[in-house]
Protein chains: 2
Amino acid sequence: MDTEITDKGARSVPTLASIAERVGVSVNTVSRALRAPHTVRPELRQRINAAMEELNYVPNRLAGGLSGTRSDIVGVVVTSLYYSEFASIIDTLQSALLERDLQVMLANTRYNADQELKLVRSILSWRPAAIAIIGVDHPPKVVELLKASAIPIIEMWDTDGEVIDTAVGFDHTRVGAAQADHLIAAGYRRIAFIGSVRENDRRAQKRLSGLEIAAAAAGLPEVVKHTAQQGGSPALGERLAFELIEGHPEIDAIACNSDVVAFGALRALKTLGKRVPDDIGVIAFGDNEAAGCVTPPLTTVRPDRERIGKLTAEAILARINGAEPCTTIVEWELVARESTHKKNA
Amino acid sequence: MDTEITDKGARSVPTLASIAERVGVSVNTVSRALRAPHTVRPELRQRINAAMEELNYVPNRLAGGLSGTRSDIVGVVVTSLYYSEFASIIDTLQSALLERDLQVMLANTRYNADQELKLVRSILSWRPAAIAIIGVDHPPKVVELLKASAIPIIEMWDTDGEVIDTAVGFDHTRVGAAQADHLIAAGYRRIAFIGSVRENDRRAQKRLSGLEIAAAAAGLPEVVKHTAQQGGSPALGERLAFELIEGHPEIDAIACNSDVVAFGALRALKTLGKRVPDDIGVIAFGDNEAAGCVTPPLTTVRPDRERIGKLTAEAILARINGAEPCTTIVEWELVARESTHKKNA
DNA sequence: GATCGTTGCGTTACCGTTAACTTTGTGCCA
DNA sequence: TGGCACAAAGTTAACGGTAACGCAACGATC
């Protein structure tokens, strides 16, 4: 008897049992005081709460999740964390989920398909209540796993493709088309495209594709493409713009895959003595916080990230509560600023 | 006997037992095939792996974590996700942890102390292997909880204060002082400070404090402060700059709490006909990706976020493996650009 | 050929919590 | 006063793994 050291006094993490022992009730009563307080006598409830406070008790959700039915985790899989591309989606999403006591488990694939599989598997191993993931284009095995998991899957950002369950986003092909249309309406004719277009960045590919189709439909010469596999940055934009103009001096408009690339392109054009917007128009995508603050202010497409984050949270909650899957299109806006406002058009 | 429906054929999530049953071995053997493959006969291991693949088996880490000793979760608590303030820290941190199969559980306090307590509690309830958190200034209850948790706590970004366990960052007071010194050396005398300085943003307060002390030490008139509680943005910077110049036309230098605020301030100054850097110098903090692309290019302080993320990951792994707590100072750099390069100094 | 260490697998006992039942106590009404 | 509903607590059995231990089969050793 005395050889069995329970060691309750040691600096071990307190459990329900510690509380129960101290208060002199059963483990289940303590559990109930947490989950269904009204089923426990007020006086007793108070004593239990006091003991929890005193021992700095924090429930063990590993055990709770294993035993119960809920897991309270929402997996969020993004393709990038750099710059503000998806940060504000995560921000609103996380904050909305927090109100329902759902925890975000984050994974960043960095546009790597193998990584995506590994990360999705890893997140699934936590038995999340739902998963929100960027894009609708995933490796077959990822789709298989997500489908087999039988939990709500919300695909964000892109809606153009085979949706697994529910999607919240927009059609990136149309964004590219709108960019082309805007440039054409502004009087530009020789359109080029620069930026980071990674192998697994289907959204960038779709925008480019939309741009090309719209340009071709308007009878314009073929879009000159100059892209890179590395991540977008001002430095990349600067280099690509230099090389582009060197090889294609006839270009009079540049569509950039992202604002940060456009920032660098603007710098390169200034160095080259090209006037924006009169000699060359520049349009981009993303609505970076600085887009309106560069010289000249940058025409860009503003996706409503806050709204996507918020609607994704709502979709997750709805699906958890049994609502049907659906696809929600979130509007974007082409913000016309000076960089495409040709005076002599 | 036949009344007991085990229902193994139903679309339920497969467990070790499902695999074991299908292969005809014990549960533990399947578990071993995962954790210690060399202890299982190759032929059998293959059959087990095949069954797992076929059934899309994903281990349940809730169970694993409850039973085993490790949890493989690292909690990451940031104060903001907007813009790129902490995104690249999270990016490098997450990516480095991934190599050791550690999952990031993310929480964003939005500079709200109550939220911080709630979030820390929530993260602790997942029994993480470690917690990385922004800042060294936390509410007493948060500190108590973190200390009581007996896991490695890495405080990031700021090192100036009472460190709970291990810290990776820098002293923000010195940043403010360096900003003042730079402005003074560049020939400015009437320094103002604008930006978002939230009640719980001790780092911003420290930078401001450093600026004031250094200005006073140089015999300059008192720093004019014009701050706001809302989050930093170009729009905020624009408004604050307008109001500042209206009330204090004598100002010849503005230190901004963040680059995005400076972007707006530059725009306001241009509107007001003030020339930067000749009439007014502008310096900021953060090294936003666009800082070098605005007009004029913005002088700012560049914290090494990638390095902080990487060193934090290393500190976490080291502490988990029993290394002693320590504080690591990560160097920052004052990037002098045109916005403080007064020609007639 | 008895002994022994090794390999390869099965048994069993938890981990901390929840959920379904069971038990006990209490007030109310017929 | 018996019966019954209901509230408040306890009992017990999972949940899906892991880890310590047990044990048979096997080859190597003396």
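Remember, predicted model here, so these are calculated numbers, not experimental data. By convention in this document, chain letters (A, B, ...) are assigned in the order of the sequence lines, proteins followed by strands, and residues within each chain are numbered from 1.
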Problem - Flag for B/T92-B/E306: side-chain donor and acceptor within less than 3.5 Å - result: no

Problem - Polar side chain donor-acceptor pair, B/Q115 to B/T109, under 3.5 angstrom - result: no

Dump the pairs, protein N or O against N or O of nucleotides 6-9 of chain C, anything under 3.5 Å, distances to one decimal.
from: C/dC9; atom 1: OP1; to: B/R41; atom 2: NE; distance (Å): 2.8
from: C/dC9; atom 1: OP1; to: B/R41; atom 2: NH2; distance (Å): 2.7
from: C/dC9; atom 1: OP2; to: B/R41; atom 2: N; distance (Å): 2.9

Problem - Separation between CG of A/L106 and CG of A/L93, rounded to the nearest 0.5 Å - result: 10.0 Å

Problem - Euclidean distance, A/H138 NE2 relative to A/E162 CD, rounded to 0.5 Å - result: 11.0 Å

Fill in the blank from the handout: To the nearest angstrom, the CG-P distance between B/L66 and C/dA13 comes to 18 Å

Handout entry: B/N28 CG to C/dC14 P, straight-line distance once rounded to whole Å
Key = 16 Å

Practice task
To the nearest Å, give me how far apart CG (B/L62) and P (C/dT18) are.
Solution key: 13 Å

Practice task
Verify the distance criterion only: is there a donor paired with an acceptor across the side chains of B/S125 and B/S122 at less than 3.5 Å?
Solution key: no

Handout entry: Nearest-Å distance for atom pair CG/C1', residues A/L16 and C/dG16
Key = 7 Å

Exercise for the section: Determine the minimum heavy-atom distance between B/P14 and B/N56, stating which atoms define it. Expected result: CG-O, 4.0 Å

Completion exercise
Here the helical stems involving DNA chain C, each at least 3 consecutive Watson-Crick or G-U pairs closer than 3.5 Å, sorted by first residue number, are C:1-30 with D:1-30

Problem - Residues in side chain to side chain donor-acceptor pair (under 3.5 Å) contact with B/R35, at least two apart in sequence or another chain - result: B/S31

Handout entry: Under-4.0 Å salt bridge between A/E314 and A/R319
Key = no

Practice task
Among B/V77, B/V78, B/V76, find the one that has a side chain to side chain contact (heavy atoms under 4.5 Å, CB included) with B/N108.
Solution key: B/V78

Problem - Within residues 49-61 of chain B, residues whose heavy atoms come under 4.0 Å of DNA chain D - result: B/Y57, B/N60

Fill in the blank from the handout: The side chain to side chain donor-acceptor pair (under 3.5 Å) partners of B/S67 (sequence neighbours excluded) come to none

Problem - A/S88-A/R305 side chain donor-acceptor pair, cut-off 3.5 Å - result: no

Practice task
Map B/V30 and B/A63 onto DNA chain C by nearest heavy atom, then report which one ends up closer to the 5' terminus.
Solution key: B/V30

Handout entry: B/D91 bridged to A/R110 by N-O distance under 4.0 Å
Key = yes

Problem - Span of DNA chain D, from the first to the last nucleotide whose atoms fall under 4.0 Å of chain A heavy atoms - result: D/dA8 to D/dG16

Exercise for the section: Supply the atom-to-atom distance B/I154 CD1 to B/T312 OG1, rounded to the nearest 0.5 angstrom. Expected result: 7.0 Å

